[in-house]
Amino acid sequence: AHVSYSSLQDYSQGHHFSFKRAHVGKGASVDWHWAELGSSFVKADISSFLANEDASSLNVGVFAGFHNQVLDMDASMIHEKPRTKSKMFARGCVNDYSKSVYKGLIKMTKEAKSASGHQKSDVLILSPNAEADPIPILEIEGSDMNCSHAATVGRLDPQKMFYLTSRGLDEVTARALYLRGFFEFALHYFPFCSSIRALVERSIEDRLAIHMSELLSSLPLKLDEVTV
């Protein structure tokens, strides 16, 4: 069996709490595609329990924080049996005074022989007062397992921006194109035939367009800035 679950949260304000769980059986797979874009406070938690042999799960999401938004997101993959597989990818940006926390957990129990799990998160900070805290975690209780994790936090790369503007793009258009490409890495995992991908792309475009003038004033380009 294969289940693909997609969600978009784009409320204008308020508090949003979301907890999703999947227990994946033998040879089955569950794919999560999510976007956290709205609400003043977000607490989201997605977990997959790979409870039998050859089970697999994919967790891919995007997020964007503006104003004073707080985004607190957890993603977990629990490998309980042999030959289980998991992948987690997240990309987001924070602007103004917003804050994001993304905690990714891959846990391998002793019984999860020949299992593989990989996670990666990337966040762009678009203003001096925004904050991003990626927390990748690996818990490996046995051997004969393949795991990896990576997390990056950085600002807009001035060299890439220079390349775009040197091709005739104005700074506003260059920044919009830069951010569109940044999110595309995660969005291409979303089901292409589903309307959710188009909705997420449009929501991100709308939010970035509203705040583009603020980005120009809050983050002036400096040649000595580098991506972390």
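Bear in mind that the values here come from a model prediction, so they are computed numbers and not experimental data.
- Looking at Asp144 and Lys113, no side-chain N of the basic residue comes within less than 4.0 Å of a carboxylate O on the acidic one, giving no salt bridge.
- Annotation: side chain of Ser48 is not in contact with side chain of Ile78 (no heavy-atom distance under 4.5 Å).
- Taking all atoms of both residues into account, the shortest heavy-atom contact from Lys87 to Met77 is O-CE, 3.7 Å.
- With no hydrogens or angles considered, no side-chain donor-acceptor pair links His67 and Ser98 at under 3.5 Å.
- To the nearest 0.5 Å, atom OG of residue Ser7 and atom CG of residue Leu199 are 12.0 Å apart.
- For Ser18, the side chain to side chain donor-acceptor pair (under 3.5 Å) criterion is met by Lys20, not counting sequence neighbours.
- For the residue pair Asp122 / Thr152, a side-chain donor-acceptor distance below 3.5 Å is found, with atom types taken as modelled.
- When all heavy atoms of Leu164 and Ala174 are compared, the closest pair comes out as CD1-O, 3.5 Å.
- Interatomic distance, Ser47 OG to Asn59 CG, rounded to the nearest 0.5 Å: 9.0 Å.
- Residues Arg155 and Tyr178 approach most closely at O-OH, 4.1 Å, considering heavy atoms.
- Defined by atom type and a distance below 3.5 Å, a donor-acceptor pair is present between the side-chain atoms of Ser39 and Gln9.
- Counting all heavy atoms, side chain and backbone alike, Met108 lies closest to Asn146 at CE-O, 4.0 Å.
- Classified by interplanar angle (parallel below 30°, tilted 30° to 60°, perpendicular above 60°), the ring pair Phe41/His15 is tilted.
- Of all heavy-atom pairs spanning Ser86 and Ile106, the tightest one is OG-CD1, 4.3 Å.
- The aromatic rings of Phe89 and Phe185 stand perpendicular to each other, their planes meeting at an angle above 60°, with 30° marking the opposite boundary.
- Here the OG-CD distance, from Ser40 to Gln13, works out to 7.0 Å after rounding to the nearest 0.5 Å.
- For the atom pair NE2 of His149 and CG of Leu138, the computed distance is 4.5 Å after rounding to the nearest 0.5 Å.
- Using a 4.5 Å cut-off between side-chain heavy atoms of Ile, Leu, Val, Met, Phe, Trp and Tyr, Tyr97 forms no hydrophobic cluster with any other residue.
- Of all non-hydrogen atoms in His79 and Lys85, the two that sit nearest each other are CE1-C, 3.8 Å.
- Salt bridge annotation for Lys81-Glu53: absent, with no cationic side-chain nitrogen under 4.0 angstrom from a carboxylate oxygen.
- Classification of Lys110 and Glu141 as a salt-bridged pair fails, no side-chain N sitting under 4.0 Å from a carboxylate O.
- The local environment of CD in Gln159 is sparse, with at most 12 non-hydrogen atoms from other residues, nucleotides or ligands closer than 6.0 Å.
- The number of heavy atoms from other shown groups lying within 6.0 Å of CZ (Phe17) is above 12.
- Arg21 forms no cation-pi arrangement with Phe49, by the criterion of a distance under 6.0 Å to the ring centre and an angle within 45° of the ring axis.
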**Prompt:** Where do Asp74 and Lys43 land on the salt bridge (Lys or Arg N to Asp or Glu O under 4.0 Å) test, with the steps shown first?
**Reply:** CA-CA 8 Å; Asp74 294 343; Lys43 176 60 183 179; 3.0 Å; yes

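- Side-chain contact check for Asp96 versus Asn129: every heavy-atom pair is 4.5 Å or farther apart.
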